[in-house]
Q: 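Encoded as structure tokens, here's the structure I'll be asking about.
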2 protein chains.
Amino acid sequence: MPRTKGDHEARRRDVSEAVWRVLAAHGFGGLTLRAVAAELDATTGLLTHYFPAKRDLLAHALDLLEQRTSARPRPAGGDGLSAVRTALLGILPLTAEATASNRIWVSSWDTALADPAVSANHARMYAQSRDRLRDLVATAQRLGELPAGDPARIAEGAQSFVLGLVVQALLNPTAFPPDRQAGLLDDYLAALASAPPSPR
Amino acid sequence: MPRTKGDHEARRRDVSEAVWRVLAAHGFGGLTLRAVAAELDATTGLLTHYFPAKRDLLAHALDLLEQRTSARPRPAGGDGLSAVRTALLGILPLTAEATASNRIWVSSWDTALADPAVSANHARMYAQSRDRLRDLVATAQRLGELPAGDPARIAEGAQSFVLGLVVQALLNPTAFPPDRQAGLLDDYLAALASAPPSPR
DNA sequence: CCATTTACACAACAAGTGTTATGAGTATGT
DNA sequence: ACATACTCATAACACTTGTTGTGTAAATGG
């Protein structure tokens, strides 16, 4: 029974939603045409209509990951160090939604390492995220809330810390509940704030 | 042409070597019976002889990962903070071998998140690694090279930092060459050493 | 020296994968 | 109203995957 309403855009959103659910449940390794189709109560014919080949669906999934990550509720917490803290907290898997998103991210690393093009795209996205973080760090430095030093370098360190904490929290949620994650992040920021003006 | 020499142990080592090469090249997602068999110049019949089912081969691969990780040349660098630094440096993908091992680790996270049993095993291994790190941290504190504070908590933070740095380095090796990784680690340790005695 | 067990190769199987072709309803423009 | 284009379902395809069975050399043990 074909669709009577040709609302192309709405249908595309449905497809994206199904892709997202499959990713959250089974990761990129479980992203199969029939899995997405089943989530839509449709067949693979529908998908090949929207995505000529599997790689197109995979590209769409990666786009989706980038989109939904950057579109996640970003509280934009105020000024200086507080803004840095809020930005980093926004990455951690503190909510169910953030956990799903991070689970997809971790899964994407495997496919990224297998495909140089995806890897390069990931590098670009993380670099962009670092740049935003760097600006926040620079502001905090200007406010005297963080010691002097290359803000880009500090952003690299902070992003590494948060990424690693994401991995730990996903693999061992019992040992790293939300408040523990926040506590560890605050430890890190406190150490950063009290560090000597910079070695170089 | 069947094997004329029944050296069971040596053959098993060959199989493990082939599994390792497949993992390093294609990750856990590419760990297929025929891929391993091809690496051995053998057929799937050989593998089913050593591993009745795929899950047995996967379990062996995970064992292999744990074994080879803990057996990696661990310089055991001296005392206190220096020992902490050496331990953390030993995790980073600074050499080709360490890069391969870390690439396999990252790949394993995807399969771990899909299988609670594997996930629990990972949690156990990381907890064990944290415990070792915690002891080194405690020693450094006793030597006055690190401020007071829960050493387990500090170990958690340090491990998170290093894990995240591993991910960044693997996804973007150009931006995170070995000396950059070491520099970022030293920044982190410097901040840690100059932190206030501990909030709690 | 023969019977049994080991250690595979070889081949076939069912299930799952992406891809492709065909066709049938529905919308759209003329 | 009718031809055309869109939006799928259906089905078959070639391929890969894990699994299983059969056969056969070599090792082993009595």
Side-chain angles (χ1 to χ4, degrees), chain A residues 1-19 21-23 25-64 107-108 110-111 114-115 117-118, chain B residues 1-19 21-23 25-64 107-108 110-111 114-115 117-118:
Chain A
M1 142 192 14
R3 283 271 142 175
T4 72
K5 226 172 57 165
D7 196 341
H8 188 78
E9 285 307 317
R11 199 62 178 153
R12 253 192 103 83
R13 269 194 298 273
D14 287 349
V15 174
S16 295
E17 210 58 47
V19 168
R21 279 197 299 269
V22 170
L23 286 178
H26 307 102
F28 277 86
L31 182 65
T32 173
L33 290 183
R34 283 168 179 84
V36 177
E39 202 76 34
L40 270 170
D41 265 321
T43 64
T44 66
L46 186 154
L47 290 176
T48 64
H49 181 65
Y50 285 87
F51 307 102
K54 172 74 181 289
R55 73 170 52 80
D56 299 313
L57 188 144
L58 203 151
H60 178 69
L62 290 171
D63 271 11
L64 216 59
S107 167
S108 79
D110 190 25
T111 69
D115 184 342
V118 179
Chain B
M1 139 187 24
R3 280 274 142 173
T4 72
K5 227 171 56 167
D7 195 343
H8 189 77
E9 285 307 317
R11 198 62 178 154
R12 252 192 105 82
R13 270 193 297 273
D14 287 349
V15 174
S16 296
E17 209 60 45
V19 169
R21 278 197 299 267
V22 171
L23 285 178
H26 307 99
F28 276 86
L31 182 65
T32 173
L33 290 184
R34 283 171 179 82
V36 177
E39 203 76 34
L40 271 170
D41 265 321
T43 65
T44 66
L46 186 154
L47 290 176
T48 64
H49 181 65
Y50 285 87
F51 307 101
K54 173 73 181 290
R55 73 170 54 77
D56 300 311
L57 189 143
L58 204 151
H60 177 69
L62 291 170
D63 272 11
L64 216 58
S107 167
S108 79
D110 190 26
T111 70
D115 184 342
V118 179

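Remember, it's a predicted structure, so these values are computed and weren't measured experimentally. Letters go in sequence order (proteins before strands), and every chain restarts at 1.
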Q: Does dC6(D) have OP1 or OP2 under 4.0 Å away from a side-chain N or O of H8(A)?
A: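 For dC6(D), OP1/OP2 do not have a side-chain N/O of H8(A) under 4.0 Å.
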Q: Report the distance from atom CG of L31(B) to atom C1' of dT16(D), rounded to the nearest whole Å.
A: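 Going from L31(B) (CG) to dT16(D) (C1'), I get 15 Å.
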Q: Please state how far atom CG in L46(A) lies from atom C1' in dG18(C), giving the value in whole angstrom units.
A: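 Between C1' of dG18(C) and CG of L46(A): 16 Å.
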Q: Among dC8(C), dC8(D), dG18(C), find the nucleotide with the atom closest to the side chain of K54(A).
A: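 Nearest listed nucleotide: dG18(C).
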Q: Starting at CZ of R12(A) and ending at P of dT7(D), how long is that distance when rounded to a whole Å?
A: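 These atoms are roughly 11 Å apart.
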Q: Within this structure, what is the CG-to-C1' distance between D41(B) and dC8(C), rounded to whole angstrom?
A: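 Nearest whole value for this atom pair: 14 Å.
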Q: For L40(A) and V15(A), work out which heavy atoms get closest and say how close.
A: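 Answer, listing the atom of L40(A) first, then V15(A): CD1-CG2, 3.8 Å.
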Q: Hey, is the side chain of R11(B) poking within less than 4.0 Å of OP1 or OP2 on dT6(C), counting only N and O atoms?
A: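 So the side chain of R11(B) is outside the cut-off, no N or O lying under 4.0 Å from OP1 or OP2 of dT6(C).
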Q: Hey, is the side chain of H49(B) poking within less than 4.0 Å of OP1 or OP2 on dA7(C), counting only N and O atoms?
A: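 Yes, within the criterion.
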Q: Mind checking whether D110(A) and T111(B) have side chains closer than 4.5 Å, heavy atoms only?
A: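 In short, these two side chains do not touch, never coming nearer than 4.5 Å.
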Q: For the atom pair NE2 (H60(B)) and CZ (R12(B)), what is the distance rounded to the nearest 0.5 Å?
A: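 CZ of R12(B) is found 6.0 Å from NE2 of H60(B).
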Q: Measuring from the side chain of T44(B) (C-beta onward, heavy atoms only), which nucleotide among dT19(D), dC8(C), dG18(D) has the closest atom?
A: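 Nearest to the side chain of T44(B) among the choices is dT19(D).
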Q: Using a cut-off of 4.0 Å on non-hydrogen atoms, how would the nucleic acid contact of L33(B) be classed: base, sugar-phosphate, or nothing?
A: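 The answer is base, as L33(B) lies within the cut-off (heavy atoms under 4.0 Å) of a base atom.
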Q: With sugar-phosphate meaning primed atoms plus P, OP1 and OP2, does T43(A) contact a base, only sugar-phosphate, or nothing at under 4.0 Å between heavy atoms?
A: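 The residue T43(A) makes base contact.
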Q: Quick check: closest heavy atoms across L64(B) and S16(B), and the distance to 0.1 Å?
A: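 Taking L64(B) first and S16(B) second, the nearest heavy atoms are CD2-O, 3.3 Å.
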Q: Does R34(A) get its side chain close enough to the base of dG16(C), under 3.5 Å, for a donor-acceptor pair?
A: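 Checked by distance alone, the answer is no.
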Q: Measure from the side-chain N and O atoms of S107(B) to the backbone N and O of F28(B), and report whether any donor-acceptor pair falls under 3.5 Å.
A: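 Between the backbone of F28(B) and the side chain of S107(B) there is a qualifying donor-acceptor contact (under 3.5 Å).
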Q: Quick one: is dT20(C) close enough that its OP1 or OP2 comes under 4.0 Å of any side-chain N or O from T48(A)?
A: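 Indeed not, no polar side-chain atom of T48(A) lies that close.
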Q: Let me know the distance between NE2 of H26(A) and P of dG16(C), rounded to the nearest Å.
A: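 Rounded to the whole Å, the gap is 13 Å.
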Q: Using whole Å, report how far CZ of R55(A) lies from P of dT17(C).
A: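 One finds 18 Å between P of dT17(C) and CZ of R55(A), rounded.
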Q: Using a heavy-atom cut-off of 4.0 Å across all strands, would you classify Y50(A) as base, sugar-phosphate, or nothing?
A: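 Sugar-phosphate, backbone atoms only, no base.
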Q: Rounded to whole Å, how long is the line connecting atom CG of L40(B) with atom P of dC8(C)?
A: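 Taking atom P of dC8(C) as the reference, CG of L40(B) is at 10 Å.
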Q: Find the distance D56(B):CG to dT19(D):P and express it as a whole number of Å.
A: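 Value for this atom pair: 8 Å.
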